[in-house]
Amino acid sequence: METMRNLSFLVTTLTIAMSISTTLSQSSVQNFLNCLSHSHVSEIIHTPNNNSFSTILNMKIRNKKFKTPTTPKPQAIITVKDGNHVQTTIKCAKSNNIQIRIRSGGHDYEGFSYVSDVPFVIVDTLHLNSVDVNLQEETAWVGSGATLGKIYYTISKKNNSLAFPSGVCFTLGAGGHFSGGGYGNLMRKFGLSIDNIIDATIVDVNGNILDRKSMGEDLFWAIRGGGGASFGVILSWKLKLVQVTPQVTVFNVKRNVSDGATDVVYKWQLIAPKLHKDLFIRAQPNVVQIEQGGKKTVQVSFIGQFLGSVEKLLPLVSESFPELGLKKSECISMPWLNSTLFWYDLPIGTPLETLLDTPKDPQPTYLKFKSDYVKKPIPKEAIETIWKKMIEGESLYMQWNPYGGRMEEILSSETPFPHRAGNLFLIQYINTWVEDSPEAIDRHVNFSRSFYELMTPYVSNSPREAFLNYRDADIGANRPSNVTKIDIARTYGKKFFKGNFEKLVSVKAKVDPDNFFRYEQSIPTRS
Ligand SMILES: Cc1cc2nc3c(=O)[nH]c(=O)nc-3n(C[C@H](O)[C@H](O)[C@H](O)COP(=O)(O)OP(=O)(O)OC[C@H]3O[C@@H](n4cnc5c(N)ncnc54)[C@H](O)[C@@H]3O)c2cc1C
Ligand SMILES: *[C@@H]1O[C@H](CO)[C@@H](O)[C@H](O)[C@H]1NC(C)=O
Ligand SMILES: *[C@@H]1O[C@H](CO)[C@@H](O)[C@H](O)[C@H]1NC(C)=O
Ligand SMILES: *[C@@H]1O[C@H](CO)[C@@H](O)[C@H](O)[C@H]1NC(C)=O
Ligand SMILES: *[C@@H]1O[C@H](CO)[C@@H](O)[C@H](O)[C@H]1NC(C)=O
Ligand SMILES: *[C@@H]1O[C@H](CO)[C@@H](O)[C@H](O)[C@H]1NC(C)=O
Ligand SMILES: *[C@@H]1O[C@H](CO)[C@@H](O)[C@H](O)[C@H]1NC(C)=O
């Protein structure tokens, strides 16, 4: 009897507590919106009552897992047009204890830029998309909402000998992509995007708009690879452009296991990270169907880019990597700008203006991505085991991206991104599917995890390193996301940043001591 009464007392108290917390959060949202509209920015506020809300929310969602009726939706999306809008949003969110998520290109594999498990609003940098090239200085200021496509196009149209080293997918946003490192096929020659960024503007937790000089070298260090969203809202970046040959040579040759692809891959591991800096060759193992019988095999695409002519490329390859058997007829020369479309697998002749397309409600698929670093060659027998496991799966494939070159010359403490010398290549495990059932989702995610398990002996350990831009919540994530637990943060922090984690924590403690800018994998204020 006594117990029952206690229990019912407890239940009543809980119910009251819960309804208070709901009312509180609802009124705090209302207060947040009032706070914002006092500052005359209503035309940039999209709440679920506005028709524009779902259009804007959906325009960048790429992982179907986060586009369901039960996916938590933001209380509002603020499509900021300048630094003042960001200042006001931060001030109003802070005073009403509302979490903000910052979205630029929206490509985050785990949806951390547009989904949260606590009440939140999205700051979307959609309109901060200017690209201003200074030809004399060979620099460019770009807004954090600019896509890589717009950046590539604008630079190259001004001078086709200028370029910028960053990702292959040209719909990526400068805000997330650069603050997470940013790499692509110019990496062996010029390093990562962050190695070529010389200034930035950011709005901090106090609403100050800072540039490199006023933010100081520590914060400028942290946002180049540490993930911007732990530190503030990045408005823009200043890029030091790089010089490329007016024509580059590209190829995509495929070799099947039955014609010795395993030997070629084995040799690739030894040679690709040591090749001339001007040459980048990605190996992409994929499962293909042989004949109608349905028998499957592994086919490896060797996708390459050389900063120079085919006449210079061929002797280079036949000397250091004859196993590839690269033929002149397999090589195509084109301006660097055209090559950005080639790498995205678009047919030759695709108009360059495609690079300027703004993403409109992409048809999302389900995604599960993971990453690994390889430091010693994988033995041939192990490669064969890996192929067998791939064939057992339904849709998993890999991209192996060679390091070496410029990546070896940069100290691992120079930026938060620690994966420099001593890495042969980075593996990206890619699993995408369309089947919707909870069973199918489970099955695919399980397969990605068991594949990762199989790879354990062949990849980095203590810590098993991971690339921040290849966001993977499996390696540790805070849920609910409004409390950053130190032991969890240390787990993902060491994998992403190794020895740089401690410095990131000290920068965070200085610039955002109350941990306002937080999400599932943010930097904690103490270690
Ligand atoms: C198809 C595809 C291809 C890819 N190819 C490559 C590749 O070739 N090389 C590579 O390095 N990576 C690649 N990636 C990974 C990509 O770099 C990361 O997903 C990156 O974070 C995307 O940046 P975004 O602005 O588009 O994403 P968002 O989802 O908008 O942001 C990602 C993270 O950055 C934060 N953020 C975004 N904008 C800001 C800002 N203005 N200020 C502060 N924080 C911000 C977000 O809050 C979130 O934590 C690829 C991803 C996809 C989906
Ligand atoms: C959203 O709706 C409110 C209320 O009707 C309006 O004041 C505001 O301007 C709308 N926002 C946009 C972006 O249209
Ligand atoms: C975190 O969010 C949960 C769920 O919304 C809430 O119950 C809890 O009080 C919050 N904690 C903090 C520290 O804000
Ligand atoms: C384009 O850039 C290249 C590389 O810096 C430079 O040599 C060339 O003079 C530039 N051309 C023009 C027209 O500015
Ligand atoms: C590899 O196998 C596929 C499927 O049988 C076939 O279509 C292709 O021609 C083969 N490629 C090579 C290079 O042998
Ligand atoms: C590069 O793109 C331009 C513009 O679309 C086109 O005219 C040219 O033929 C392309 N060159 C190659 C080699 O694809
Ligand atoms: C996925 O793995 C979990 C945990 O090992 C297991 O319980 C579940 O049955 C698996 N689901 C499928 C569809 O294989």
Side-chain angles (χ1 to χ4, degrees), residues 17-18 21-22 24-25 33 37 41-53 56 60-63 76-80 86 97 99-120 122-125 128 143-148 165-185 187 192-194 200-203 223 227-237 282 343-344 359 362 367 369 371 399 401 417 426 428 430 432 467-471 479-484 515 517-522:
M18 276 164 65
S21 88
T22 323
L24 264 184
S25 76
L33 292 172
S37 47
V41 287
S42 81
E43 80 282 3
I44 59 159
I45 307 170
H46 311 262
T47 72
N49 298 328
N50 294 100
N51 289 332
S52 51
F53 179 83
I56 292 180
K60 297 174 192 167
I61 297 182
R62 305 209 146 230
N63 190 344
I77 305 170
I78 320 298
T79 49
V80 294
V86 178
N97 194 23
Q99 196 180 66
I100 69 168
R101 293 298 172 123
I102 313 161
R103 185 167 76 165
S104 289
H107 285 62
D108 196 293
Y109 298 142
E110 298 285 0
F112 291 167
S113 57
Y114 57 90
V115 184
S116 177
D117 52 5
V118 301
F120 70 110
I122 296 177
V123 169
D124 197 307
T125 64
L128 304 178
S144 56
T147 60
L148 296 189
S166 48
V168 162
C169 174
F170 56 76
T171 50
L172 295 175
H177 181 64
F178 295 166
S179 69
Y183 87 91
N185 48 41
M187 166 175 60
L192 306 175
S193 307
I194 50 176
T201 61
I202 185 172
V203 187
I223 57 173
S230 293
F231 300 98
V233 178
I234 293 156
L235 299 174
S236 62
W237 303 100
R282 165 184 284 178
W343 275 91
Y344 201 61
L367 315 173
F369 287 50
S371 65
Q399 284 176 348
N401 293 295
F417 176 99
L426 161 67
Q428 176 167 221
I430 302 171
T432 68
F467 178 34
L468 178 66
N469 267 354
Y470 290 167
R471 187 82 76 185
R479 301 194 202 274
S481 59
N482 58 351
V483 181
T484 311
N515 197 21
F517 289 109
R518 61 194 176 207
Y519 63 100
E520 288 80 349
Q521 290 185 331
S522 59

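For the single chain, residues carry numbers from 1 onward in sequence order. Read the numbers this way: they start at 1 and go in the same order the structure lists the ligands and their atoms.
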Would you name the heavy atoms of [X] and [Y] that are closest together and state the gap between them?
X	Y	value
Gly180	Asn469	CA-OD1, 3.2 Å
Thr125	Gly145	OG1-CA, 3.2 Å
Val168	Trp343	CG1-O, 3.6 Å

Value rounded to 0.5 Å, distance of [atom1] in [X] from [atom2] in [Y]:
X	Y	atom1	atom2	value
Ile45	Ile78	CD1	CD1	5.5 Å
Asn50	Glu43	CG	CD	11.5 Å
Asn482	Asp117	CG	CG	7.0 Å

Identity of the nearest option to [atom], non-hydrogen atoms only, from [options]:
atom	options	answer
atom 2 (O) of ligand 3	Val483, Asn482, Val118, Thr484	Asn482
atom 8 (O) of ligand 1	Val168, Leu426, Ile234	Val168
atom 23 (O) of ligand 1	Arg101, His177, Glu520	His177
atom 49 (O) of ligand 1	Gln521, Arg62, Arg471	Arg471
atom 16 (C) of ligand 1	Leu172, Ile223, Asn63, Val123	Leu172

Out of all atoms in ligand 1, which are within 4.0 Å of some heavy atom of [X]? Include the element for each.
X	answer
Ala229	35 (C), 43 (C), 44 (N), 47 (O), 49 (O)
Phe467	11 (O)
Arg103	30 (O)
Gly167	7 (C), 8 (O), 9 (N)
Gly173	23 (O), 24 (P), 25 (O), 26 (O)
Gly182	11 (O)

With no hydrogens and no angle check, is any side-chain donor or acceptor of [X] less than 3.5 Å from a backbone partner on [Y]?
X	Y	value
Trp237	Ala174	yes
Thr147	Gly173	no
Arg101	Val115	yes
Ser144	Ile234	yes
His177	Ser166	no

**Message:** In this structure, does ligand 1 have an atom that sits under 4.0 Å from one of the heavy atoms of Gly184?
**Reply:** no
**Request:** May I ask whether Gly232 places a heavy atom under 4.0 Å from ligand 1?
**Result:**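 Flag set, Gly232 near ligand 1.
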Looking only at distances, can you tell me whether any N or O atom of [X], backbone or side chain, sits closer than 3.5 Å to an N or O atom of ligand 1?
X	result
Ser113	yes
Asn469	yes
Gly106	yes
Asp108	yes
Ile102	yes
Tyr519	no
His107	yes
Gly105	yes
Val233	no

**Request:** Give the contacting part of Tyr109 toward ligand 1: side chain, backbone, both or neither, where contact means a heavy-atom distance below 4.0 Å.
**Result:**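 The answer is the side chain.
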**Prompt:** Can you tell which part of Ser144 has a heavy atom less than 4.0 Å from ligand 1: side chain, backbone, both or neither?
**Reply:**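 For Ser144, the contact with ligand 1 is made by the side chain alone.
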Please list the nearest protein heavy atom to [atom] with its residue and the distance rounded to 0.1 Å.
atom	answer
atom 9 (O) of ligand 2	Ser42 O, 3.8 Å
atom 34 (O) of ligand 1	Gly176 CA, 3.3 Å
atom 9 (N) of ligand 1	Tyr183 O, 2.8 Å
atom 10 (C) of ligand 2	Asn50 ND2, 2.5 Å

**Request:** Return a yes/no value: protein heavy atom under 4.0 Å from atom 4 (C) of ligand 2?
**Result:** no
**Request:** Classify the contact between His46 and ligand 2 as side chain, backbone, both or neither, using a heavy-atom distance cut-off of under 4.0 Å.
**Result:** side chain
**Request:** For Glu43, take its heavy atoms, then give the atoms of ligand 2 lying under 4.0 Å from any of them.
**Result:**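 Near Glu43, meaning under 4.0 Å from one of its heavy atoms, ligand 2 has 13 (C).
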**Distance filter under 4.0 Å to Ile45 heavy atoms, resulting ligand 2 atoms** = 11 (N), 12 (C), 13 (C)
When you compare the side chains of [X] and [Y], does any donor N or O come within less than 3.5 Å of an acceptor on the partner?
X	Y	value
Thr484	Arg518	no
Ser42	Ser37	no
Arg471	Ser113	no

**Request:** Give the ring-plane orientation class for Phe417 versus Phe467, where under 30° counts as parallel, over 60° as perpendicular and anything between as tilted.
**Result:** perpendicular
**Asked** Parallel under 30°, tilted from 30 to 60°, perpendicular over 60°: which one fits the rings of Tyr470 and Tyr183?
**Response** perpendicular
**Message:** Taking side-chain contact (heavy atoms from CB on, under 4.5 Å) as the criterion, tell me which of Ile102, Asp124, Asn63 meets it with Tyr114.
**Reply:** Asn63
